[in-house]
Amino acid sequence: MRTTSRLGVATAALAATAIALTGCAAGSSGSTGTTAATSSTASGPKVDLAGACPATVVVQTDWNPEGEHGHLYQMLGPNPVIDSSGKTVTGDLYANGKSTGVKLEIRAGGPAIGYTKVASQMYQDKDITLGYMSTDEQVQFSGNLPTTAVFAENDQSPMSIMWDPKTYPEVDSIKSLGKALEKDGGVVRYFNGAAYMTYLEQSGILPKKVLDGSYDGTPSKFVSAGGKDAQQGFATAEPYIYQNQVAAWGKKVDYALVSSTGWNPYPEAMSVRTGDLKKLEPCLQKLVPVMQQADVDYLKSPGATNDLITKLVQQYNNGWTYDSKVGAFAAAQMLKLGLAKDTDGYIGSMDEQRMQDFIAKATPVFAGTGDVKSGLKPSDLYTNEFLDKSIGLGS
């Protein structure tokens, strides 16, 4: 999902005349250490992953480091090693403030892997233990590149459409936005080929005449339209960035989540190659609860991890710009908007009926463009079997 949709903020950061974000410091081409303590310092029993898990648990993300990935960087112990040329960070995998006996390697996605889809990357490189897979891409590649999600770090996607509230004060949903844009001659600018936009058009939520797939990632067209046009974005980033860091705009934007329209994939769920699920069971039984707790710990106290994320972005130095202020906003939004929440009383679970409903909506969208498995079922895409039902935001 991030390989196209997140490009917006990345490219926007390159427009120096429009955005005044924290400057990226050029990183060295070798490896450097950092003393940032990001892992949970909470006391608790030692978790031993040695023997059950690979000596190095490798996770492929779908974008550059950002707040939505906080649970993952939260698991890094003190002094992780940053490879600025390879766009990876490696350190002891920590749980309850103690080393688990294995390493954690986190690989950046997006530009770091040539915008390759995570599913493709996972099947090309079998050293990858887990990858970030959103349900829409799971469906799209379920035939040739099947993956099984084992932990949904967020329940809802932050993908949104934003607009100027002064121009459209009566708009309160994506559907009402479409009607207002049609009346006033405005458009919704988005990255061409976005699956969710195909759904919004096919379902009649947005009229075809207001769709404009020319979004190039910069804020220039949104700003120059003076509020007449709407634009895709992320509820965890753009509302803060456009108000506080895009000098040419510098005011509030309103937004609505795409998930509110019925296009509701689980975003960036931690997933394994389906054929490896059985082999990884001993590891996942111990590791998934560690990921759950790391997610809770990050959302409750994201500061140190956001500082590490900022440092990684600076040393990777690939045009993506992100700072701790945006990270703090992201963590707050995940809680405020219910993007991250306990479902069934604990964090990280996925719902069978929701999966079934999404498969029904996504299959026609991907007809002819992907490789959807014939007779695809929810059980092909996820399992909740490794989740610890005692771990949640309310615990």
Side-chain angles (χ1 to χ4, degrees), residues 2 6 9 21-22 24-25 27 32-44 47 57-84 87-100 103-109 130 132 151-154 158 234 236-237 240 267-268 270 287-316 320-336 339-341 347-348 391-393:
R2 290 296 198 275
R6 265 300 188 205
V9 183
L21 293 173
T22 302
C24 289
T32 59
T34 174
T35 58
T38 63
S39 59
S40 171
T41 56
S43 61
V47 178
V57 174
V58 179
V59 180
Q60 178 63 62
T61 70
D62 60 352
W63 193 244
N64 294 294
E66 57 185 349
E68 290 90 329
H69 302 173
H71 76 103
L72 193 54
Y73 294 99
Q74 182 79 19
M75 292 190 292
L76 285 169
N79 303 306
V81 176
I82 302 172
D83 180 353
S84 57
K87 309 297 185 286
T88 67
V89 59
T90 306
D92 290 336
L93 198 161
Y94 260 48
N96 299 327
K98 307 175 185 69
S99 174
T100 61
K103 298 287 187 181
L104 172 64
E105 178 183 314
I106 305 172
R107 300 181 180 180
L130 298 123
Y132 273 162
F151 170 58
E153 51 104 7
N154 271 338
F234 281 77
T236 47
Y240 179 86
E268 301 176 321
M270 300 289 284
L287 177 60
V288 170
V290 172
M291 294 192 291
Q292 287 178 272
Q293 189 61 55
D295 199 14
V296 170
D297 292 342
Y298 171 74
L299 290 167
K300 290 184 175 179
S301 183
T305 297
N306 284 338
D307 289 344
L308 174 61
I309 287 171
T310 300
K311 184 169 185 175
L312 294 173
V313 168
Q314 291 173 348
Q315 294 205 18
Y316 292 174
W320 171 249
T321 308
Y322 198 90
D323 63 26
S324 294
K325 291 182 179 179
V326 181
F329 177 79
Q333 286 286 86
M334 282 187 271
L335 291 172
K336 177 183 176 182
L339 306 180
K341 64 181 181 182
I347 201 161
I391 301 175
L393 292 165

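Just so you know, residue 1 is the first one in the sequence shown, and it goes up from there.
- In this structure, CG on L72 lies 5.5 Å from CG on L104, to the nearest 0.5 angstrom.
- Within the model, atoms CG of D62 and CD of E68 stand 9.5 Å from one another, a figure rounded to the nearest 0.5 Å.
- Counting heavy atoms from C-beta outward, Q293 and V290 have side chains that stay 4.5 Å or more apart.
- Heavy atoms only, all atoms of each residue included: N306 and G327 are closest at ND2-C, 3.2 Å.
- Across all non-hydrogen atoms, the minimal contact from L299 to A340 is CD1-CB, 3.6 Å.
- Under the rule for a side-chain contact (heavy atoms from CB on, under 4.5 Å), the partners of K336 that lie at least two apart in sequence or sit in another chain are Q333.
- In this structure, F151 and H71 have perpendicular ring planes: the angle between them is above 60°, well past the 30° mark.
- Applying the salt bridge (Lys or Arg N to Asp or Glu O under 4.0 Å) criterion to E105, with sequence neighbours excluded, gives R107.
- In plain terms, the two heavy atoms of T236 and P158 that are nearest each other are OG1-CB, 3.5 Å.
- At distances below 3.5 Å, not a single donor-acceptor pair connects side-chain atoms of E268 with backbone N or O atoms of Y132.
- At least one side-chain heavy atom of D92 sits under 4.5 Å from a side-chain heavy atom of K103.
- Atom-to-atom distance recorded for N64:CG and L312:CG is 10.0 Å, nearest 0.5 angstrom.
- Taking 4.5 Å as the limit, every side-chain heavy atom of M75 sits out of range of all side-chain heavy atoms of T100.
- Taking 4.5 Å as the limit, every side-chain heavy atom of Y298 sits out of range of all side-chain heavy atoms of E153.
- Side-chain contact check for E66 and H69: at least one donor-acceptor pair (N or O, by modelled atom type) lies under 3.5 Å.
- For the pair I82 and Y316, the tightest heavy-atom approach, listed with the atom from each and the gap, is CG2-CE2, 3.8 Å.
- Of all heavy-atom pairs spanning A108 and P65, the tightest one is CB-CD, 4.5 Å.
- Here the closest non-hydrogen pair linking T310 and D323 is OG1-C, 3.4 Å.
- The CD atom of Q314 sits 9.5 Å away from the OG1 atom of T321 when rounded to the nearest 0.5 Å.
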Does the pair L393 and L335 meet the rule for a side chain to side chain contact (heavy atoms under 4.5 Å, CB included), with working shown?
CA-CA 10 Å; L393 292 165; L335 291 172; 3.8 Å; yes
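- The aromatic rings of W63 and W320 lie perpendicular to each other, with more than 60° between the two planes, well past the 30° mark.
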